[in-house]
Structures are given as structure tokens and as C-alpha cells.
A.B. asks: 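Can you read through this structure? Questions will come right after.
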Amino acid sequence: MRSIKITVIVFLTVCTFLFLMSACGKEQAKPNGKKGEVSSQLNPVLSIQQRNDGIDVLAVLENHSNHTVTLSFNSSKMFDVAITDSSNKEVFRHSKGVNYEKKQEDVHIKAGASHIWKTKWKLSAANKKAGIYRVNATFLPDEISPGSLRTESLSVEEVLTLHGGSEETKNNSFRNIHFSGKDGTYKVSGEARVFEGSFVYSVSDGHNIFIEKNEQIVEGGPDWAPFSFEVHIRTEDLPINGTLMLELFYYSPKNGEKSDTLAVPLQSFK
């Protein structure tokens, strides 16, 4: 009889423990957000297209949820796009000089659909300055239903690589640039006139800087002096799809910022 009682007690103890664990698991499975709040239902996307008359930028919001999402705006300024060069200097902003109207407007994006906003960086082929640029798009709704602004990522950034126009082979500090080589090994030569004969060269693909080194020439400005160097990048570091860009520049003795940057595409990979 005593052993039966012990067995019953053990059985009840195990059942109680399993019940508490199950309840605890259910409690932990509850969403952290408030009731009716949906997380990450919108996916921001950038599409960048190079044209003869400039750069077309399509800023897109994709609805990945299974219901319609409504974005409410209190102004006709629904989005903005900014483009910066490798020195973080802003070269284009969609909203610059635009007078926006104060008005209430809703945008409805159905389940599985998307909404597109467009802008253009007007740039003639001759005025294209070679380099790697960053394009950032930000969407500016005041409310999202269902859900919350706090649960959404409403900005996106992509890299834009520009090859220069026909005249983009020199600037005030660098000229007569020549290079040869492929697949991670390159020889670069040219002429420079820079303060105290010192400048910097870097190689990147827009995401990673593989090399940044100081180079010293025999004479400082205002005289031109020749330079040459070799670039070596490991095969495993080469981009699968992208462009290796060489940048020549110097750091200003006045403010320490990159100055007179000249960008040259070394090789494109596709």
C-alpha cells in the first residue's frame, strides 16, 4: 500500500511539472509586440539604372504580409533619396529645392504587391565622375496600419559604381594615369602634384576597402612628379560581381578631409 501511495505521489508530481513547463512554454511563445502589431511586413528595395542622361533611382516598398498595408503621409514628401561620394560628400538629394505640400494622403499596398517612387540624378555622360557612390532611400510615412513605425525598417542603401566620362582621366592633383593587369595584380603609374609630395591610394569594391596606402614622390607641388606602384589583392577577396575602383587623393592639411579624389576603375567582375 505504501509503495502505491509513493507511485501516485511521483506520478502527480511529474504531471504537475509537465503542466507548468507547458504553460511556461506557451507564455514564452507569446509575441513581444502589442496586439495587432505586425513586424517586418515591408521590405525596402532600391533599383538603380544608369542612363545616358543620368541615373534613374526606383525606391520600392514590397508588402511581404498576407494583408493590405496602409501608409499615411501628412505631406507630399513621401520619400527621399540621397547620393554621396566616397568622401561622404552629398552630390544629389531628391528633396533639395522642392516645395512640398502639407496634405493628408494614404498609400495602400496590397498583399504581395509593391509601391514604387522614382527620382533621377541628371548627369550628362561627359560630366560623370568615376567613383563609388552610396545611394540611400528613406520612406517617410507618419503612420502604418496595421502595425507600427517602430517595427519597420524604412530605409535602404545600395552601392553605385560610375565609370567616368571621356575627360575623366585627370584633375588638379593627378594626371596621365595608366594601369595594366588583371585578376588582383595591377601596375599603376602617372603624375602627381601634391602638398609635400605625399598622397594616398586605395582600392575598394564599394563594400570593402582592400588597400589604403601612402605614396611619396620626389617633389611636392606645384611641380608635377612621376609615380608608380603595384596593387596586389588576394584572389579570394576579389568581388564575384562588382568593380574594383582605384582612388587617388590626399588628406587636406587644413581639415583632414579627402581632397582632389580621382577614381579609376581597375577591373569589373560579372
Side-chain angles (χ1 to χ4, degrees), residues 50 54-55 82-93 96 121-136 157-234 237-239 242-268:
Q50 299 191 36
I55 310 299
I83 302 177
T84 55
D85 63 16
S86 62
S87 300
N88 288 325
K89 179 183 177 182
E90 188 172 282
V91 296
F92 171 81
R93 179 170 288 275
K96 186 176 181 179
W121 179 19
K122 293 182 179 180
L123 197 63
S124 66
N127 290 330
K128 284 184 181 178
K129 186 176 181 181
I132 293 178
Y133 298 79
R134 295 194 175 275
V135 183
N136 181 275
E157 185 175 271
E158 294 288 349
V159 172
L160 165 66
T161 301
L162 283 185
H163 293 238
S166 58
E167 300 300 320
E168 186 58 31
T169 56
K170 64 180 181 180
N171 60 17
N172 292 328
S173 299
F174 304 97
R175 71 179 184 184
N176 296 332
I177 308 302
H178 302 281
F179 66 92
S180 61
K182 64 178 183 177
D183 299 337
T185 300
Y186 311 93
K187 293 182 178 180
V188 181
S189 63
E191 293 180 294
R193 56 176 182 187
V194 288
F195 180 70
E196 293 185 344
S198 177
F199 68 91
V200 181
Y201 70 88
S202 68
V203 178
S204 71
D205 63 356
H207 300 283
N208 304 297
I209 297 176
F210 302 109
I211 298 173
E212 182 169 311
K213 289 186 177 180
N214 292 306
E215 188 74 9
Q216 187 71 41
I217 52 180
V218 293
E219 295 184 44
D223 297 321
W224 290 97
F227 67 83
S228 65
F229 54 83
E230 292 187 0
V231 173
H232 298 282
I233 298 174
R234 297 184 305 175
D237 289 336
L238 295 174
T243 298
L244 280 182
M245 191 70 73
L246 166 72
E247 289 190 332
L248 306 170
F249 59 93
Y250 66 90
Y251 286 109
S252 170
K254 294 181 179 179
N255 53 27
E257 295 182 354
K258 289 171 67 173
S259 300
D260 251 4
T261 301
L262 181 65
V264 180
L266 288 177
Q267 187 176 356
S268 293

A.B. asks: With rounding to the nearest 0.5 Å, note down the distance linking CD1 in I233 to CG in L244.
C.D. replies: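 Reported value, rounded in 0.5 Å steps: 4.5 Å.
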A.B. asks: Determine, step by step, whether L246 and F179 satisfy the side chain to side chain contact (heavy atoms under 4.5 Å, CB included) criterion, reporting the C-alpha distance in whole Å, the side-chain angles of both residues, the deciding distance to 0.1 Å, and the verdict.
C.D. replies: CA-CA 10 Å; L246 166 72; F179 66 92; 5.8 Å; no
A.B. asks: Exactly one of I132, I55, D85 should register a side-chain contact (heavy atoms from CB on, under 4.5 Å) with L162. Which one does?
C.D. replies: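 It is I55, the one option of I132, I55, D85 that forms the side-chain contact (heavy atoms from CB on, under 4.5 Å) with L162.
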A.B. asks: For the residue pair A130 and A263, what are the closest heavy atoms and their distance?
C.D. replies: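 So the two residues come closest at O-CB, 3.0 Å.
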A.B. asks: Side-chain donor-acceptor contacts of residues 200-210 below 3.5 Å, not counting sequence neighbours, with atom names and distances?
C.D. replies:
| from | atom 1 | to | atom 2 | distance (Å) |
| --- | --- | --- | --- | --- |
| D205 | OD1 | H207 | N | 2.9 |
| D205 | OD1 | N208 | N | 2.7 |

A.B. asks: Between atom CD1 of I177 and atom CZ of F227, what is the distance when rounded to the nearest 0.5 Å?
C.D. replies: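 If we round to the nearest 0.5 Å, I177:CD1 and F227:CZ are 4.0 Å apart.
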A.B. asks: Apply side chain to side chain contact (heavy atoms under 4.5 Å, CB included) to Y186 and Q267, showing your working.
C.D. replies: CA-CA 10 Å; Y186 311 93; Q267 187 176 356; 2.6 Å; yes
A.B. asks: Can you list every pair that meets salt bridge (charged side-chain N to carboxylate O under 4.0 Å, His left out) and has a residue in residues 176-203, with sequence neighbours left out?
C.D. replies: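 Matches after skipping sequence neighbours: R175-E191.
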A.B. asks: For the pair K258 and E247, evaluate salt bridge (Lys or Arg N to Asp or Glu O under 4.0 Å) and give the outcome as yes or no after the intermediate values.
C.D. replies: CA-CA 11 Å; K258 289 171 67 173; E247 289 190 332; 3.1 Å; yes
A.B. asks: Give, for atom CZ of F229 and atom CD1 of I217, the distance between the pair rounded to the nearest 0.5 Å.
C.D. replies: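 Nearest 0.5 Å value for the CZ-CD1 distance: 11.5 Å.
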A.B. asks: How far apart are the closest heavy atoms of T261 and S86, and which atoms are they?
C.D. replies: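 In this case the closest contact between T261 and S86 is CG2-OG, 4.3 Å.
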A.B. asks: Where is the tightest heavy-atom contact between N171 and W224, given as atom of each residue plus distance?
C.D. replies: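 Shortest heavy-atom separation between N171 and W224 comes out as O-CH2, 4.0 Å.
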A.B. asks: How long is the gap from CG on N172 to CG on L262, to the nearest 0.5 Å?
C.D. replies: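 It comes to 10.5 Å.
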A.B. asks: Does any non-hydrogen side-chain atom of T84 lie less than 4.5 Å from one of K89?
C.D. replies: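 Counting from C-beta outward, K89 and T84 never come under 4.5 Å.
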A.B. asks: Has the side chain of T243 got a donor or acceptor atom that lies under 3.5 Å from a matching backbone atom of M245?
C.D. replies: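 Answer holds: no.
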A.B. asks: Quick one: do L160 and Q50 satisfy side chain to side chain contact (heavy atoms under 4.5 Å, CB included)? Show the steps, please.
C.D. replies: CA-CA 9 Å; L160 165 66; Q50 299 191 36; 3.6 Å; yes
A.B. asks: To the nearest 0.5 Å, how far apart are CD in E90 and CD1 in I83?
C.D. replies: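 Those atoms lie 9.0 Å apart.
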A.B. asks: Check the orientation of Y251 and F249. Use parallel for under 30°, tilted for 30 to 60°, and perpendicular for over 60°.
C.D. replies: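 Perpendicular: the ring planes of Y251 and F249 meet at over 60°.
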A.B. asks: Is the gap between the ring centers of F92 and Y133 under 6.0 Å?
C.D. replies: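 F92 vs Y133: aromatic centres not under 6.0 Å.
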A.B. asks: Can a donor-acceptor pair be found, under 3.5 Å and without considering hydrogens, that links the side chain of Q216 to the backbone of G197?
C.D. replies: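 Such a contact is found between Q216 side chain and G197 backbone.
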A.B. asks: Starting from the C-alpha separation in whole Å, work towards a yes-or-no answer on side chain to side chain contact (heavy atoms under 4.5 Å, CB included) for S173 and F199.
C.D. replies: CA-CA 9 Å; S173 299; F199 68 91; over 6 Å; no
